[in-house]
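Here's the structure we're looking at; comments come further down.
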Amino acid sequence: RFLSNLLIQMYGKCGDPDTALHIFDSIPHKNAFSWSIAISAFVDNGNISGAKSLFDRMPSKDTISSTALLVGFAAAGDLSSAMLLFQSMPVKDTIAWNSIIAAYARHGQLPRARELFDATPKKNSSSWNTMIAAYSQNGHCRAALHLFRTMSNEGQRSDMVTFVAAIDACAGLSALVAGKLIHSIAAAAGLVAFHVEVATAVVNMYARCGHLGDAAEVFCGIRGKNLISWSTMINAFVQNGCAARALDAFYAMNVDGQAPDSVTFKSILSACSHAGLFDDGFLHFELLVRDFGIVPTMDHFKCMVDLLGRSGRLEEAEELVNTMPFVPD
RNA sequence: ACCGGCUUAGGCAUG
């Protein structure tokens with residue numbers, strides 16, 4: 001049964017919930033793990049009706065499976081079902097509370113999220129992190145920082161996610177002084193050296209404050225740079241008008257063995273268009289499609305049209321608009 | 001000792 005449960009999980013993570021369900025059904029004596037793993041398999045694949053029908057079949061619905069389904073409802077944008085389920089749960093643990101807070105936060109309903117946060121009986125770090133990130137992601141960066149301070153005042157232990165959220169809020173405000181301070185606290189706790197996520201958030205923060213040098217310095221110190229940290233640095237160069245350095249970083253990224261994605265290319269094409277690097281723009285558009293097999297998005301085409309327009313090739317620009325696989329806007 | 005649910009980093013083409 002352990003093994004079957006692991007298999008269900010594996011198929012779920014591989015985007016094959018039907019096979020997962022098949023294995024699930026073949027287990028003679030399902031335990032609580034079996035059910036929740038199978039429900040999560042559907043949720044992770046965006047199949048909320050599959051998750052729900054499985055949940056309905058469940059003989060005794062526990063907190064974990066209920067929360068898994070709740071998260072599925074939230075991901076599908078069905079907040080009322082999420083809330084109904086939450087209310088129906090006889091036992092609500094902290095994760096259940098955090099999940100319903102996140103559900104409202106993700107849909108921009110901050111006052112509701114805050115009410116639930118305030119009503120959460122036993123808050124843990126994730127509860128605070130959820131709420132801080134909620135403010136920051138909805139543009140209420142001041143409130144995010146305020147809550148960050150309250151969190152430490154109340155003696156709640158922070159973790160690396162707390163710092164990512166707080167540094168993100170500073171980035172949103174271009175608040176260099178606060179950002180530096182929080183960076184130093186995080187660094188002293190060893191979080192910057194140990195977690196790419198924290199370091200990347202710091203890089204982004206400095207870049208948004210216009211401090212490219214500090215951004216680059218922190219970036220260079222990252223061991224195990226990944227797609228996101230590279231893209232952050234590349235975008236930092238682009239935003240600060242350094243197209244050439246962005247292109248250099250792009251090559252360094254490939255040497256480092258990290259494949260760029262659609263977002264990376266958006267920054268690169270944007271750099272080319274901004275700097276009028278006509279040939280580079282086309283070269284990279286070709287790379288995107290041919291070498292990396294990425295499907296160009298509307299944004300990519302807009303960069304290319306802009307690039308053509310800036311270099312005075314209006315007819316070609318027009319032709320591209322007419323032939324691209326999108327409705328021009 | 002070992003399986004399940006919550007929060008976190010890159011884009012935002014009117015540059």
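Protein chains get the first letters and strands the later ones, always in sequence-line order, with residue 1 at the start of each. A quick note: this is a predicted structure, and the numbers were derived from the prediction, not measured. Note: hydrogens, waters and symmetry copies are ignored here, and every other heavy atom, side chains too, is used.
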Base, sugar-phosphate alone, or nothing: which one does [X] contact when heavy atoms must sit under 4.0 Å apart?
{"X": "A:Ala199", "answer": "nothing"}
{"X": "A:Asp306", "answer": "base"}
{"X": "A:Ser273", "answer": "base"}
{"X": "A:Asn124", "answer": "nothing"}
{"X": "A:Met160", "answer": "base"}
{"X": "A:Gln137", "answer": "sugar-phosphate"}
{"X": "A:Ile101", "answer": "nothing"}
{"X": "A:Ser229", "answer": "nothing"}
{"X": "A:Thr67", "answer": "base"}
{"X": "A:Asn235", "answer": "sugar-phosphate"}
{"X": "A:Asp159", "answer": "nothing"}
{"X": "A:Thr162", "answer": "nothing"}
{"X": "A:Leu70", "answer": "nothing"}
{"X": "A:Thr130", "answer": "sugar-phosphate"}

Practice problem: In sequence, state the C-alpha distance, the side-chain angles, and the governing distance for A:Cys303 and A:Asp299, and then conclude on side chain to side chain contact (heavy atoms under 4.5 Å, CB included). | Solution: CA-CA 6 Å; A:Cys303 289; A:Asp299 281 346; 5.7 Å; no
Exercise. Each residue besides A:Leu3 in its hydrophobic cluster should be listed here, by chain and number; the cluster joins Ile, Leu, Val, Met, Phe, Trp and Tyr at side-chain heavy-atom distances under 4.5 Å.
Key: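 Members other than A:Leu3 - counting any ILVMFWY side chain reachable under 4.5 Å - are A:Leu6.
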Exercise. Decide if the gap between the ring center of A:Phe265 and the ring center of A:Phe250 is smaller than 6.0 angstrom.
Key: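 Yes, they do, as the ring centres are separated by less than 6.0 Å.
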Practice problem: Not counting sequence neighbours, list each pair that qualifies as a salt bridge (charged side-chain N to carboxylate O under 4.0 Å, His left out) and has a residue in residues 300-311 of chain A. | Solution: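 Listed once each, the pairs are A:Lys302-A:Asp329, A:Asp306-A:Arg310.
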Practice problem: Can you tell me which residue pairs pass the salt bridge (charged side-chain N to carboxylate O under 4.0 Å, His left out) test with a partner in residues 22-45 of chain A, sequence neighbours excluded? | Solution: A:Asp25-A:Arg57
Self-check item: Distance, nearest 0.5 Å, that separates CE of A:Met89 from CG of A:Asp62
Solution: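 So the CE of A:Met89 and the CG of A:Asp62 are separated by 8.5 Å.
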Quiz item: Hey, where on RNA chain B does chain A first and last touch, going 5' to 3'? Cut-off is any atom under 4.0 Å from a heavy atom.
Solution: B:rC2 to B:rG15
Quiz prompt | Whole-angstrom distance between B:rG11 and B:rG15, as gauged at atom P | solution = 15 Å
Exercise. Verify whether one side chain among A:Asn129 and A:Asn98 offers a donor that lies under 3.5 Å from an acceptor in the other.
Key: no
Quiz item: For A:Ser229 and A:Asn226, does a side-chain donor sit closer than 3.5 Å to a side-chain acceptor?
Solution: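 A pair is found: one side chain offers a donor N or O, the other an acceptor, under 3.5 Å apart.
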Quiz prompt | Runs of at least three Watson-Crick or G-U pairs with RNA chain B, cut-off 3.5 Å | solution = none
Quiz item: For A:Asp279, which residues count as a salt bridge (Lys or Arg N to Asp or Glu O under 4.0 Å) partner, sequence neighbours excluded?
Solution: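 None.
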Exercise. Decide whether a cation-pi geometry holds between A:Arg245 and A:Phe237; the criteria are a distance under 6.0 Å from NZ or CZ to the six-membered ring centre and an angle within 45° of the ring axis.
Key: no
